[in-house]
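Along the sequence shown, residues are numbered consecutively beginning with 1.
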Amino acid sequence: MSDQEKEVKKTSVLSNSLIWFGAGVSIAEILTGTYLASLGFAKGIAAIVLGHIIGGLMMFAAGMIGGSTGKSAMETVKMSFGKYGGKFFSLLNVLQLVGWTAIMIYDGSLAADGIFSTGAWIWALVIGVLIILWILVGITNLGKINTVAMAALFILSLILFKVIFFGKGSANALPGDGLTFGAAVELSVAMPLSWLPLISDYTREAEKPAKATAASVVVYNLVSIFMYIIGMGAVIYTGEYDIASIMVKAGLGIAGLLIIIFSTVTTTFLDAYSAGVSSVSIWKKINEKWAAIIVTVIGTAAACIFPMDDITDFLYLIGSVFAPMIAIQIADYFILKADSKEEKKLGIANIIIWVIGFILYRILMKFDIIVGNTLPDMIITVIICVVIGKCILRNKQN
């Protein structure tokens with residue numbers, strides 16, 4: 001009997017909330033928040049909140065599709081794009097998750113080495129081993145471990161917040177040639193958007209899919225907003241872009257190291273685990289856990305070898321691939337009410353619409369739109385999908 005067949009225990013609303021709390025407490029979110037400092041505190045918060053509202057709504061829609069159908073994220077993609085179209089997006093998703101795994105381990109290892117200098121590669125190995133342990137425990141058995149880890153991370157994050165915003169620092173003069181408001185919104189959308197191809201991997205196993213999806217999305221986005229604000233505040237109030245330096249100056253020491261290590265583990269675990277789930281969508285004989293472990297090993301090795309200091313292009317690439325994909329799924333499932341049981345080899349019409357949405361996203365990147373370019377891209381893609389879908393349906397009826 002396979003691991004998938006054995007793990008029939010459903011996850012509670014609380015356990016899903018804890019999983020996504022861990023996803024939000026992330027060094028990557030803090031580092032992305034530092035990019036927004038040039039806007040100033042008020043505009044920066046407005047961009048962060050607006051971006052997360054947009055991304056959160058998309059995240060909820062994606063999670064509800066998986067929760068309602070009981071399918072993994074990439075299996076829900078096959079409903080709109082067909083068997084081979086689903087395999088194509090599964091492959092793209094595995095590649096982006098390998099990238100995320102490497103980036104998260106890289107960021108975590110550099111930050112940890114900033115507190116206790118033993119060599120970033122050593123910390124990368126430590127983080128990689130802990131992620132593998134998380135994978136071996138399994139998603140449905142992480143309840144008590146996650147409760148303890150999340151409580152500790154929450155307390156330590158509050159300490160970091162206090163150090164930054166209630167320390168001796170004061171608001172610094174910031175350069176005026178930084179991000180525009182629209183670009184800041186887009187970077188804020190990027191993080192919740194990056195979870196769209198993953199969230200159904202967890203909501204599919206929930207006892208109460210709708211409540212678990214809502215709780216997951218709300219918890220993740222609130223925590224992510226908090227992390228962004230920590231990163232932005234670190235630059236504005238301490239003049240530091242390096243979170244490890246702030247922790248050292250604040251005398252956090254071991255506490256700071258724990259924030260870095262466990263926040264990296266709890267977030268990256270989701271990437272590696274979902275890479276395993278997506279691998280099964282490509283080839284049924286693949287074992288989820290072993291695929292996730294292999295992804296972790298590859299990500300750890302890449303983090304030891306390659307520099308990954310600027311991830312903005314990576315975030316935009318994820319947006320251009322997955323924003324039009326989920327827009328088509330939303331149109332298909334919620335508006336056109338496409339039959340989720342219909343098996344097709346390739347959804348050619350939707351593949352063409354996705355290509356249009358991908359190109360449109362890259363074009364919109366050249367313009368400064370106040371709400372970013374993800375939202376307009378998705379709205380236009382949904383409209384195109386609905387119009388073409390209804391035309392195809394009308395032709396079938398005639």
Side-chain angles (χ1 to χ4, degrees), residues 26 28-62 96 99-100 103 171-197 221 224-237 239 241 308-328 330-331 353-385:
S26 160
E29 320 258 339
I30 293 175
L31 292 175
T32 306
T34 64
Y35 302 151
L36 277 64
S38 61
L39 286 177
F41 195 71
K43 279 189 177 180
I45 286 185
I48 291 168
V49 172
L50 178 58
H52 279 81
I53 289 173
I54 295 169
L57 290 172
M58 301 304 105
M59 196 175 166
F60 179 76
Q96 74 117 352
W100 266 122
I103 288 166
N172 292 279
L174 299 166
D177 58 349
L179 289 178
T180 63
F181 185 84
V185 170
E186 191 60 28
L187 280 181
S188 300
V189 173
M191 284 298 181
L193 189 69
S194 71
W195 295 111
L196 293 186
N221 281 279
S224 180
I225 287 169
F226 184 64
M227 292 293 115
Y228 266 71
I229 290 172
I230 286 178
M232 182 177 67
V235 179
I236 294 174
Y237 289 98
Y241 283 84
M308 304 175 198
D309 297 303
D310 187 353
I311 64 170
T312 52
D313 289 339
F314 180 68
L315 292 176
Y316 289 135
L317 179 60
I318 289 172
S320 60
V321 170
F322 293 110
M325 182 198 80
I326 194 62
I328 292 167
I330 290 169
I353 296 168
W354 173 79
V355 172
I356 294 169
F358 176 87
I359 294 170
L360 178 63
Y361 186 102
R362 306 306 294 188
I363 293 171
L364 289 172
M365 284 177 62
K366 299 177 182 178
F367 300 93
D368 182 28
I369 305 170
I370 194 168
V371 294
N373 46 288
T374 292
L375 184 59
D377 178 72
M378 292 185 72
I379 290 173
I380 295 170
T381 304
V382 166
I383 292 170
I384 294 172
C385 188

| task | Identify the heavy atoms of Ile326 and Ala62 that sit nearest to each other, and give their distance. | result | CD1-CB, 3.5 Å

| message | Please give me the minimum heavy-atom distance between Ser194 and Ile318, naming the atom from each residue. | response | CA-CG2, 4.0 Å

| Can you find a heavy atom in the side chain of Leu187 that is under 4.5 Å from one in the side chain of Leu315? | yes

| task | Write down the atom of Thr381, the atom of Gly357, and the distance for their closest heavy-atom approach. | result | OG1-CA, 3.7 Å

| task | Measure the CG-OG distance between Leu317 and Ser320 for me, rounded to the nearest 0.5 Å. | result | 4.5 Å

| said: Within the structure provided, determine whether Pro376 and Ile369 are in side-chain contact (heavy-atom separation under 4.5 Å). | reply: yes

| field | Close side-chain approach of Tyr35 and Val235, heavy atoms under 4.5 Å | value | no

| task | Please answer whether the main-chain N or O of Thr312 pairs with a side-chain N or O of Asp310 as donor and acceptor at a distance below 3.5 Å. | result | yes

| message | Is there a side-chain contact between Met378 and Ile330 in this structure, where contact means two heavy atoms from C-beta onward sitting under 4.5 Å apart? | response | yes

| remark: Closest heavy-atom pair, Asp377 versus Ala323, reported as atoms and distance to 0.1 Å, is OD2-CB, 4.1 Å

| task | Drop me the distance from Thr374's OG1 to Leu196's CG, to the nearest 0.5 angstrom. | result | 9.0 Å

| request: Name all residues meeting the side chain to side chain contact (heavy atoms under 4.5 Å, CB included) criterion together with Pro197; count only those two or more places apart in sequence or in a different chain, and write none if there are none. | output: Met74, Asn93, Gln96, Phe322

| Can you tell me how far CG of Asp309 sits from CD1 of Ile103, rounded to the nearest 0.5 angstrom? | 10.5 Å

| said: Is there a side-chain contact between Phe358 and Ile363 in this structure, where contact means two heavy atoms from C-beta onward sitting under 4.5 Å apart? | reply: no

| message | If I take atom CD1 from residue Ile359 and atom CG from residue Leu364, how far apart are they, to the nearest 0.5 angstrom? | response | 12.0 Å

| Separation between CD1 of Ile311 and CZ of Phe314, rounded to the nearest 0.5 Å | 7.5 Å

| query | With a 4.5 Å limit on heavy-atom distance, are the side chains of Ser188 and Leu36 in contact? | reply | yes

| request: Measure the OH-CE distance between Tyr316 and Met365 for me, rounded to the nearest 0.5 Å. | output: 6.0 Å

| task | Please check if the side chain of Glu29 supplies one atom and the backbone of Ile225 the other of a donor-acceptor pair under 3.5 Å. | result | no

| task | Kindly indicate whether the side chain of Met227, heavy atoms from C-beta on, has any atom under 4.5 Å from the side chain of Thr32. | result | no

| Judged by atom type as modelled, is there a donor-acceptor pair below 3.5 Å linking the side chain of Trp354 to the main-chain atoms of Val321? | yes

| Which pair of heavy atoms, one from Gly319 and one from Pro324, lies closest together, and at what distance? | O-CD, 3.7 Å

| Looking only at heavy atoms, what is the nearest atom pair of Val185 and Val371, with distance? | CG1-O, 3.4 Å

| task | Let me see the working for Phe181 and Asp368 under side chain to side chain contact (heavy atoms under 4.5 Å, CB included), right down to the final yes or no. | result | CA-CA 8 Å; Phe181 185 84; Asp368 182 28; 6.0 Å; no

| message | Does any part of the side chain of His52, heavy atoms only, come nearer than 4.5 Å to the side chain of Pro192, both counted from C-beta? | response | yes

| query | What do the steps show when you test Leu39 against Met232 for side chain to side chain contact (heavy atoms under 4.5 Å, CB included), and what is the final call? | reply | CA-CA 9 Å; Leu39 286 177; Met232 182 177 67; 5.9 Å; no

